[in-house]
Novice: 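I'd like to ask you about the structure that follows.
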Amino acid sequence: MKAAKRMDPARLQEPGDARLEDESPKLWAYGFSEVAQKLLTSAVRCFAEKGFHATTTRDITAGADLSPAALYVHFHAKEEVLYTISRVGHKSALSAVQGPEAEDASLHLRSIFSRYVIWHARHHVTGRVNQHELAALSGEHYEEVRLIRQETNEVFHRAVARGISDGSFVDIDVNRVVRAMNSLAIDLVRWYRLDGSESPEQIGEFYADLALGMVTNPVLAKASRASRPAT
């Protein structure tokens with residue numbers, strides 16, 4: 001099997017590379033200078049393509065068409081660039097699932113899960129970095145991002161627990177089903193492209209139907225309880 005071909009980081013911002021074209025640049029369109037926005041856009045694409053450790057500051061500045069020293073004018077270190085991407089990305093994903101609850105538990109879960117999937121489709125490059133480069137953050141930065149992720153998970157925990165409580169959903173292991181939902185939504189960052197056959201909204205609707213199936217199928221509920229670890 002041939003090794004995967006690595007792309008020249010200086011080409012990462014060329015529009016021809018659809019794998020790295022998404023709406024991530026919109027995430028830092030406000031609150032950052034124009035140069036910082038260019039650096040973040042180049043960095044998120046480099047991190048997604050090469051990984052944090054294999055990416056150099058020169059890769060990032062080359063992708064932004066800037067001099068090698070330009071990064072340090074706006075960020076103290078490469079890790080701060082990753083932290084900024086992770087913090088902004090995770091907060092944006094959390095915002096996508098927050099808001100008033102629908103009166104019906106099924107409609108509420110379907111709505112928040114669809115929005116979560118759509119967010120990851122539209123920002124799949126940032127989503128890939130969010131999921132695969134967390135370990136490169138400093139301890140303090142990791143903890144801050146972890147708390148945002150935990151808050152996002154709690155939105156889904158409450159939605160599923162509410163449906164079980166009012167009888168809308170079967171009695172299923174909440175932790176397991178939320179973990180499965182997260183895996184379903186997040187995995188698409190590995191393969192999704194905005195120029196593919198399905199729009200973010202189409203895949204969001206389809207995945208939301210799958211999520212509802214997880215909490216309304218009595219067979220899955222029985223299996224989750226039967227294999228639940230002893231406490």
Side-chain angles (χ1 to χ4, degrees), residues 22 24 48 86 89-135 137 142-143 145-194 196-231:
D22 72 344
S24 290
S86 297
H90 279 91
K91 283 188 174 181
S92 178
L94 172 59
S95 295
V97 300
Q98 289 177 321
E101 293 188 3
E103 291 186 10
D104 180 88
S106 295
L107 290 177
H108 178 61
L109 179 62
R110 198 178 194 288
S111 175
I112 62 174
F113 192 72
S114 176
R115 298 200 303 267
Y116 195 56
V117 170
I118 290 170
W119 187 95
H120 281 89
R122 291 195 176 282
H123 309 93
H124 60 87
V125 179
T126 294
R128 201 180 317 166
V129 174
N130 280 353
Q131 301 308 318
H132 299 305
E133 304 301 328
L134 277 178
L137 292 172
Y142 176 88
E143 181 61 15
V145 171
R146 185 191 69 79
L147 291 174
I148 301 171
R149 290 167 69 92
Q150 181 177 312
E151 191 174 351
T152 305
N153 282 336
E154 287 173 354
V155 172
F156 289 103
H157 271 261
R158 289 194 299 269
V160 174
R162 171 194 170 188
I164 295 173
S165 178
D166 69 14
S168 299
F169 306 153
V170 294
D171 182 17
I172 199 165
D173 187 312
V174 178
N175 289 329
R176 285 186 167 186
V177 76
V178 169
R179 186 164 58 240
M181 288 178 185
N182 270 323
S183 297
L184 182 65
I186 289 168
D187 183 68
L188 68 83
V189 304
R190 179 178 54 83
W191 56 266
Y192 187 77
R193 291 166 50 144
L194 283 176
S197 60
E198 291 183 286
S199 70
E201 289 74 20
Q202 287 173 322
I203 198 166
E205 289 293 305
F206 177 61
Y207 275 29
D209 287 338
L210 295 178
L212 278 183
M214 293 182 190
V215 295
T216 57
N217 187 326
V219 175
L220 290 179
K222 181 179 179 181
S224 78
R225 293 195 302 273
S227 58
R228 188 177 296 171
T231 56

Novice: Are Q150 and H157 close enough that some pair of their side-chain heavy atoms sits under 4.5 Å apart?
Specialist: no

Novice: Is any side-chain heavy atom of Q98 less than 4.5 Å from a side-chain heavy atom of E151?
Specialist: yes

Novice: Is the closest side-chain donor-acceptor distance between R179 and S183 under 3.5 Å?
Specialist: no

Novice: List the atom of I118, the atom of G204, and the distance in Å for their closest heavy-atom pair.
Specialist: CG1-CA, 4.1 Å

Novice: So, for I172 and I164, which heavy atoms are closest and what is the spacing to 0.1 Å?
Specialist: O-CD1, 3.5 Å

Novice: Sorted by first residue and then second, give each salt bridge (charged side-chain N to carboxylate O under 4.0 Å, His left out) pair with at least one member in residues 157-169; sequence neighbours left out.
Specialist: E101-R162

Novice: For H108, what residues pass the side chain to side chain donor-acceptor pair (under 3.5 Å) criterion, not counting sequence neighbours?
Specialist: none

Novice: Shortest non-hydrogen contact from A185 to V117?
Specialist: CB-CG2, 3.9 Å

Novice: For the side chain of S95 and the backbone of K91, is there at least one donor-acceptor N/O pair under 3.5 Å apart?
Specialist: yes

Novice: Begin from the C-alpha positions of L188 and E198 and carry the test side-chain contact (heavy atoms from CB on, under 4.5 Å) through to its verdict.
Specialist: CA-CA 12 Å; L188 68 83; E198 291 183 286; over 6 Å; no

Novice: With rounding to the nearest 0.5 Å, note down the distance linking OH in Y142 to CG in L134.
Specialist: 6.0 Å

Novice: Do you know the tightest heavy-atom contact between S86 and V145?
Specialist: CB-CG2, 4.0 Å

Novice: Give the C-alpha distance, both sets of side-chain angles, the deciding distance and a yes or no for side-chain contact (heavy atoms from CB on, under 4.5 Å) between H123 and N130.
Specialist: CA-CA 10 Å; H123 309 93; N130 280 353; over 6 Å; no

Novice: Determine the minimum heavy-atom distance between G89 and T126, stating which atoms define it.
Specialist: CA-CG2, 4.0 Å

Novice: Hey, are the side chains of P200 and Y192 touching, using non-hydrogen atoms and a 4.5 Å cut-off?
Specialist: yes

Novice: Looking only at heavy atoms, what is the nearest atom pair of V189 and H124, with distance?
Specialist: CB-O, 3.6 Å

Novice: Check whether any side-chain heavy atom of F113 sits under 4.5 Å from a side-chain heavy atom of L212, and report yes or no.
Specialist: no

Novice: Does a side-chain N-to-carboxylate-O contact under 4.0 Å join E133 and R128?
Specialist: no

Novice: Does atom CD (E143) have a neighbourhood of more than 12 heavy atoms from anything else shown, all under 6.0 Å?
Specialist: yes

Novice: Using 30° and 60° as the class boundaries, would you call the ring planes of H120 and Y116 parallel, tilted or perpendicular?
Specialist: perpendicular

Novice: Which distance, rounded to the nearest 0.5 Å, do you find between the CG of L94 and the CG of N153?
Specialist: 10.0 Å

Novice: Show the numbers, then the answer: is there a side-chain contact (heavy atoms from CB on, under 4.5 Å) between F169 and L109?
Specialist: CA-CA 11 Å; F169 306 153; L109 179 62; 3.9 Å; yes

Novice: Could you pull out all residues at least two apart from T152 that satisfy side chain to side chain donor-acceptor pair (under 3.5 Å)?
Specialist: none

Novice: Passes side-chain contact (heavy atoms from CB on, under 4.5 Å), V215 versus M181? Steps please.
Specialist: CA-CA 10 Å; V215 295; M181 288 178 185; 3.7 Å; yes

